[in-house]
Amino acid sequence: MAFKIKEGSEIAPYGATGNTFTSASVLSQAVLEHLATRFPDDVVNDTVKKPAADKAAADKAAAEINNSKS
Amino acid sequence: MKIKWSGLLFVSLMALTISMLTSCNPAIPFAVLLALSFVPMPKGVLSMAISATVVDIRGKAYEPIIEELLFENRTVADGLISFETDVKAETIFTENTTTVAMQAYTSGAPTASGTMGLVDVSVTPTKIMYYDTFDMNTLRSSRFKRDMKAGAWNTRSAEFDKVVLGSYAKAISYDMELKFWQGLTAATQTAIAALTPGAGQTAVGAAEQTWAAAQTAGLVDGVVAKMIYNNGALGKRVKRLGTTISASNIDAEYAKIYGDIPSAVLNAALGSPYFFAPYSHKQFINIFNTNATYRDKFSVSENKEKYFYNGIEIRFYPLPENCIIAALPAHIIWCTDTLNDINYLEVNKVANNQDNQFIKNVSTLAAHVVNQKYNVLYLG
């Protein structure tokens, strides 16, 4: 899992006396994960998606298996 | 110093005038002491004008000036927490922890058991300064010219002194109070970020790391910082992971903190613990009570000055939002040395051949938290 602050979002978790976090803020994943619990609309879990080529190869392999069974 | 226009603040200035010392040395600095008392005054009451004279004031202690400033803020004015004014450099605070072990009687040589522990913590207040400069000549065409005396040399304005310099002193006082509660040094900020977070009491919380990351590093570690990390190690506070507090969930969140307070604290012979909360909670509590269906969960006095939760009073100070501390007030200590002879508020010329002036305050500050394992820190 890779949490990050959305582009354009500004988070002030401790009011005016604390700093505001943005997508440019350098924060640890533990901190981002905590911010996600408080600001679910501003912090997303940016999971890496598989490229389409991998899916195509997987579908082809599955089709071959089905053909061999039939 | 940028001159910003603002509304009048009603303060009274009590000016100390020191007789002029004549000297053949033209380089004697031009010094003025201001003792400021901040008593709200009714509209229309004029303050005393400040008269400035040449004086040599080195070596003299100016504690009344600093004490006036310190007691401007509620943390010190309330006198609730411990306020230690005799903290010199490297003052030792000693905490005693004792354990005993019952053992069977023996007529022979007994075996020692238990511990009598002593932990020393050295506290050295940080020496801090507030400094700014201003040029009264830039105000010659402003409202302040109304009380400037005739003559090209005369640019002093009593109204300026009362309003602007007075507000500067108030700002100093509030800023020191803010740093006392929320301050965080760069070293502590780095140390907290380097810890491995965890849910257990012996690990730093993700919320605590988030709070530290959200701070602009300064010169002093405040109470919150000292509870998270002090004496080179993770603090022994009772940790409670919080959330965003609002008028709807404030009761539930205070219930968690109340449940975390050690029984020894609730039943302490020394006195009762307090909730130390940010100012916004007063509004949340009032709104919560207004919306409550059957009864008020928070007890609030009729004049809205006293707030209680389950018999524990809530006091409002400049804490971070979504941060609450539950502790005996004796465990939170404001350390300073008001007897330091360089603690003074001075208004003076920048140089003898100039008309630019400066305003300067020098003092010392440290926050210290004792009996850490008995104090609850809630951070959202």
Side-chain angles (χ1 to χ4, degrees), chain A, chain B residues 174-175 177-184 189-190 192-199 203-218 222-225 228 239 241-246 249 253 277-281 283-284 316-324 377-380:
Chain A
M1 292 191 296
F3 289 93
K4 70 174 188 178
I5 298 176
K6 281 183 184 175
E7 290 287 335
S9 289
E10 291 184 351
I11 298 174
Y14 301 103
T17 56
N19 292 330
T20 301
F21 295 137
T22 66
S23 58
S25 301
V26 179
L27 302 168
S28 68
Q29 280 299 303
V31 169
L32 287 166
E33 193 171 345
H34 173 67
L35 289 173
T37 64
R38 287 187 54 192
F39 305 93
D41 294 335
D42 295 299
V43 182
V44 294
N45 183 358
D46 191 22
T47 303
V48 176
K49 297 181 181 177
K50 289 184 176 179
D54 286 350
K55 183 177 184 303
D59 289 343
K60 182 180 178 183
E64 287 176 354
I65 293 171
N66 289 335
N67 290 337
S68 66
K69 288 180 179 178
S70 60
Chain B
Y174 178 72
D175 190 62
E177 185 187 21
L178 195 70
K179 300 301 191 296
F180 171 76
W181 289 104
Q182 302 191 32
L184 181 67
Q189 188 176 43
T190 301
I192 293 173
L195 297 172
T196 302
V204 70
E208 294 170 335
Q209 289 189 319
T210 304
W211 172 81
Q215 305 310 304
T216 299
V223 173
V224 176
I228 297 173
K239 179 179 73 176
L241 175 63
T243 184
T244 304
I245 293 180
S246 66
N249 70 353
E253 298 307 302
Y279 291 118
S280 63
H281 286 198
Q283 295 154 270
F284 291 151
F316 305 98
Y317 296 115
L319 268 74
E321 292 300 322
N322 310 301
C323 174
I324 304 163
L377 175 63
Y378 171 103
L379 260 178

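Since the structure is predicted, the reported quantities are computational estimates derived from the model, not experimental observations. Protein chains get the first letters and strands the later ones, always in sequence-line order, with residue 1 at the start of each.
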Between [X] and [Y], which heavy-atom pair has the shortest distance, and what is it?
{"X": "A:Ala30", "Y": "B:Gln209", "result": "CB-OE1, 4.2 Å"}
{"X": "A:His34", "Y": "B:Gly242", "result": "CE1-O, 4.1 Å"}
{"X": "A:Tyr14", "Y": "B:Ala207", "result": "OH-O, 3.1 Å"}
{"X": "A:Gly15", "Y": "B:Glu321", "result": "CA-CG, 3.6 Å"}

Inset, instruction - Apply side-chain contact (heavy atoms from CB on, under 4.5 Å) to the pair B:Thr216 and A:Asn19, showing each step before the final yes or no. - result: CA-CA 7 Å; B:Thr216 299; A:Asn19 292 330; 2.9 Å; yes
Legend entry - Separation of A:Arg38 CZ from B:Thr210 OG1 (nearest 0.5 Å):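 Atom-to-atom, B:Thr210:OG1 and A:Arg38:CZ are 8.5 Å apart.
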Inset, instruction - Check each atom of A:Leu35 against the heavy atoms of chain B and say whether the ones under 4.5 Å are side chain, backbone, both or neither. - result: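 Side chain only.
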Legend entry - Heavy-atom contact with chain B under 4.5 Å, split by part of A:Thr17: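 Answer is both: backbone and side chain atoms of A:Thr17 are under 4.5 Å from chain B.
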